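Residue numbers start from 1 in every chain, and the chains themselves are labelled A, B, ... in the order their sequence lines are given, proteins ahead of strands. Note that this is a predicted model, so its numbers are computed, not measured.
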Amino acid sequence: MRISILISSADNILKVFLDDENRTFTINSKYIQDVNLDEFASKVLRIISSWESEYKNTNVFDAEQFCVKVEKDGKEYNYKGFGSYPDNYIYLKSLIYGVGR
Amino acid sequence: MDKFKINGVDIFDPLDKQTLDSIIECFIEYFGEEYREKISSKLHNATYLFLGSETPFYSTSNSVVDYYNEKLNKIISRFNIENGLHKDLAFNVFFDKKILKYVSKKGKLNKFKLSESQSDSLVEFIESILHCSCEKDFKGDKEKFLSTILSKQSKVISKNLKLCLKKWNKTCKKDYNSIYKIGVRTRDKFGIVERKTKKIVDEYTRKENKVIEDYIIQKTKINPSSISKKEMGKYVDIFKDIIEKPNDFVTGYDIKNRMELLTFLNLDKDRSYNECFKDKEIIDFFINDDISNKLKGLRIESKKQVLKTSDYIKIAAKKLKKNNVYNDSKLEDKIFDFVVNNQGISGMFETNVSSDNKVSNICFLRQNLDLCVDTLIHEMTHLVSSNTIIYKDSGNNLKQYRKVGFYEYGSKNEYSFLNEIINEYVSQEICKIVKQKNIRIGEKKSRECLYSKALPVVEPFFNQHEPEIKKGLMSDNFSYLQDKFGDNMEYLNRIIKKYYETSDWNVMEDATRLNAYKSAVVKVNERIKERDYNRQNYNLEDKFSSSFKEKSNNKDLEQNL
């Protein structure tokens with residue numbers, strides 16, 4: 001399974017990459033250790049379970065955009081958004097900031 | 001609503017009329033006197049929301065702490081510099097009785113050792129007053145440095161420590177303590193506000209967990225006192241995972257946890273995971289509409305309560321009401337996202353058209369402590385370059401034409417990225433005027449703006465075409481530049497988008513790479529010049545050959561990209 005997350009705005013870029021087969025977990029190209037990779041992946045998948053494939057509000061400028069790609073068991077799942085977010089979006093960010101700090 | 005003033009400025013309303021008028025003058029100076037009315041009316045009639053943050057990882061009270069810490073550190077640095085000490089020396093070195101005792105006993109104390117930070121501070125202090133270097137003289141061996149120096153000069157060091165303390169008490173103590181007290185009081189005030197929101201979120205999370213907990217207890221008839229809170233919390237979490245996650249997302253880690261829960265519930269009966277989740281009894285146990293509806297209801301209610309309770313959201317709602325902006329649920333959601341969901345952005349611009357076709361321009365910004373004037377000007381530049389026209393089509397239906405800069409809402413215009421880079425270029429030029437005139441707003445000195453990182457590639461090009469850029473931004477026609485540049489606009493967009501997407505923002509830009517992109521922009525510029533030339537010398541005979549030439553040039557450029 002592979003999970004890629006990109007959260008970007010005018011102020012910040014956050015790139016998360018997780019590959020459970022190769023046991024690789026990076027945030028902005030830095031290797032993250034001492035984190036339970038399986039637990040992290042499970043939590044991400046739970047958060048995005050309720051998401052629609054696209055959230056969009058083109059009326060806004062400079063909003064944060066996100067892109068989540070999951071490759072699992074030969075299937076690919078994509079989620080993206082700009083200016084509009086799923087209700088539990090904050091959980092994804094909290095999860096990433098929690099391990100990234 | 002209480003005013004949240006820091007240093008005499010309401011941090012949620014820092015843009016007073018005088019400051020706004022001065023900024024408007026800067027915009028007029030940049031774009032030209034002919035746009036005075038347009039600029040003035042747009043910037044006066046907009047709503048500026050300076051919003052607080054209350055996310056789990058960053059909140060306005062954190063900004064308050066940072067703000068006062070910076071003020072305190074300035075007092076310390078000034079004292080250090082004035083007394084010939086290292087600028088960043090921690091001031092507690094001469095406050096710390098442990099350090100003083102350590103020095104007077106020449107470092108020979110069996111009872112305690114100095115902590116890492118204490119010995120670092122002491123080393124820096126000694127280096128400052130004795131003009132020596134631990135790094136140079138003792139190859140960075142701090143222990144050796146301290147024991148050698150203290151064995152010879154402990155009296156001098158001790159005397160200096162006491163002298164510094166005396167001087168500090170005389171010159172800085174009063175100021176320092178006063179700012180410290182204000183800082184603590186202010187932080188606590190904001191902390192109380194933020195705790196109200198946190199309390200709601202925690203309360204509803206507890207309610208959600210209780211729904212599942214009660215269900216498990218009712219179904220399994222277990223004695224609640226026979227299981228620890230921690231264990232129950234874990235099972236509730238696994239239960240939530242089962243009901244929230246579709247089968248395709250279940251991982252090996254989840255299966256292990258789920259089997260643990262099934263064993264606890266006495267439902268596994270020595271079967272495999274797949275066998276268990278084919279069992280109707282197990283499926284019915286978890287797939288329960290009543291539970292799902294209760295949880296869904298609690299989440300909706302939690303958000304409603306946050307919207308009703310959060311002071312930061314209420315301040316924004318009050319401002320919208322004052323400015324007669326209809327606060328519909330979409331706008332409310334946006335404020336919620338800015339305050340509670342997103343920590344990452346410092347500014348946002350939106351043109352809001354209400355159901356009765358009232359147009360409102362809104363700049364979403366951070367409160368004054370987290371506000372950088374550059375961000376304010378960036379959003380204001382979007383604002384002055386925007387235009388919304390509501391009109392009736394031939395069938396008498398109401399239609400909207402909305403543009404911001406070189407972007408048209410709802411069109412397939414792909415230049416939104418180029419639009420941002422141009423906007424950033426112009427806003428930086430205006431910022432130079434704002435700073436020259438010493439207009440003060442926003443406590444944040446600088447910002448990390450990724451748009452500006454693409455500027456080195458296109459800056460010479462923008463400098464050359466600045467008059468057209470200005471006209472285009474002020475024009476009511478979003479395609480002004482496209483009409484001037486033709487398909488070169490597309491190439492320019494592609495070049496900087498590619499540069500932006502392939503950059504590693506954590507390292508310094510490679511000069512060769514930067515030059516390659518710059519050259520690509522130079523080629524676009526040459527094509528524009530050639531296009532202008534051909535247009536000027538256009539006649540029927542040339543028509544075929546020039547269009548052929550342009551097409552062949554396109555191919556060259558496409559290959560380069």
Which distance, rounded to the nearest 0.5 Å, do you find between the CG of A:N88 and the NZ of B:K303? 11.0 Å

NZ of A:K43 to OH of B:Y253: how many Å apart, nearest 0.5 Å? 7.0 Å

Of the backbone (N, CA, C, O) and the side chain (C-beta and beyond), which part of A:Y91 lies under 4.5 Å from a heavy atom of chain B, both, or neither? neither

According to salt bridge (Lys or Arg N to Asp or Glu O under 4.0 Å), who are the partners of B:K234, at least two apart in sequence or on a separate chain? B:E260

Give a yes or no on whether B:K358 atom NZ has more than 12 heavy-atom contacts from other residues, nucleotides or ligands under 6.0 Å away. yes

Under 4.5 Å, heavy atom to heavy atom: which of residues 16-26 of chain A reach chain B? Give them by number, or say none. none

Checking B:D237 against chain A: side chain, backbone, both or neither under 4.5 Å from a heavy atom? both

What are the two closest heavy atoms between A:K93 and B:N341, and how far apart are they? CD-O, 3.9 Å

Report which part of B:N352 has an atom under 4.5 Å of a heavy atom belonging to chain A: side chain, backbone, both, or neither. neither

Test B:L450 against A:I13 for side chain to side chain contact (heavy atoms under 4.5 Å, CB included), laying out the working first. CA-CA 8 Å; B:L450 296 183; A:I13 283 192; 3.1 Å; yes

So what's closer than 4.5 Å to chain A heavy atoms on B:E244: side chain, backbone, both or neither? both

I'd like to know if B:R366 and A:D11 make a salt bridge, using a cut-off of under 4.0 Å between side-chain N and carboxylate O. no

Scan side-chain atoms only and decide if A:Y77 and B:D248 contain a donor-acceptor pair under the 3.5 Å cut-off. yes

Side-chain donor or acceptor of B:K245 paired with backbone N/O of A:I48 under 3.5 Å: no

Residues A:D87, B:R299: salt bridge by 4.0 Å N-O rule: no

Measure the shortest side-chain to side-chain distance between B:P56 and A:I90 over non-hydrogen atoms and say whether it is less than 4.5 angstrom. yes

Spacing of A:S9 atom OG and B:I345 atom CD1 [to the nearest 0.5 Å]: 7.0 Å

So, taking the atom named CD1 in B:I243 and the one named CZ in A:R46, what distance separates them when rounded to the nearest 0.5 Å? 8.5 Å

Is the backbone of B:V250 close enough, under 3.5 Å, to the side chain of A:K72 for a donor and an acceptor to pair up by distance? yes

Using a cut-off of under 4.5 Å for heavy-atom pairs, which of B:Y451, B:F364, B:F249, B:F349 has the most such pairs with chain A? B:F249

On the 0 to 90° scale, with breaks at 30° and 60°, tag the B:H382-A:F61 ring pair as parallel, tilted or perpendicular. tilted

To the nearest 0.5 Å, tell me how far A:D38 CG sits from B:K256 NZ. 9.0 Å

Can you tell me how far apart CG (B:D241) and OG (A:S49) are? Round to the nearest 0.5 Å. 7.5 Å

Checking A:S94 against chain B: side chain, backbone, both or neither under 4.5 Å from a heavy atom? both

Taking every non-hydrogen pair under 4.5 Å, which of A:A63, A:S84, A:S42 racks up the most with chain B? A:S42

Under 4.5 Å to a heavy atom of chain B? For A:K75 that would be side chain

With a 4.5 Å cut-off on heavy-atom pairs, point out which of B:E424, B:K240, B:K330 contacts chain A the most. B:K240

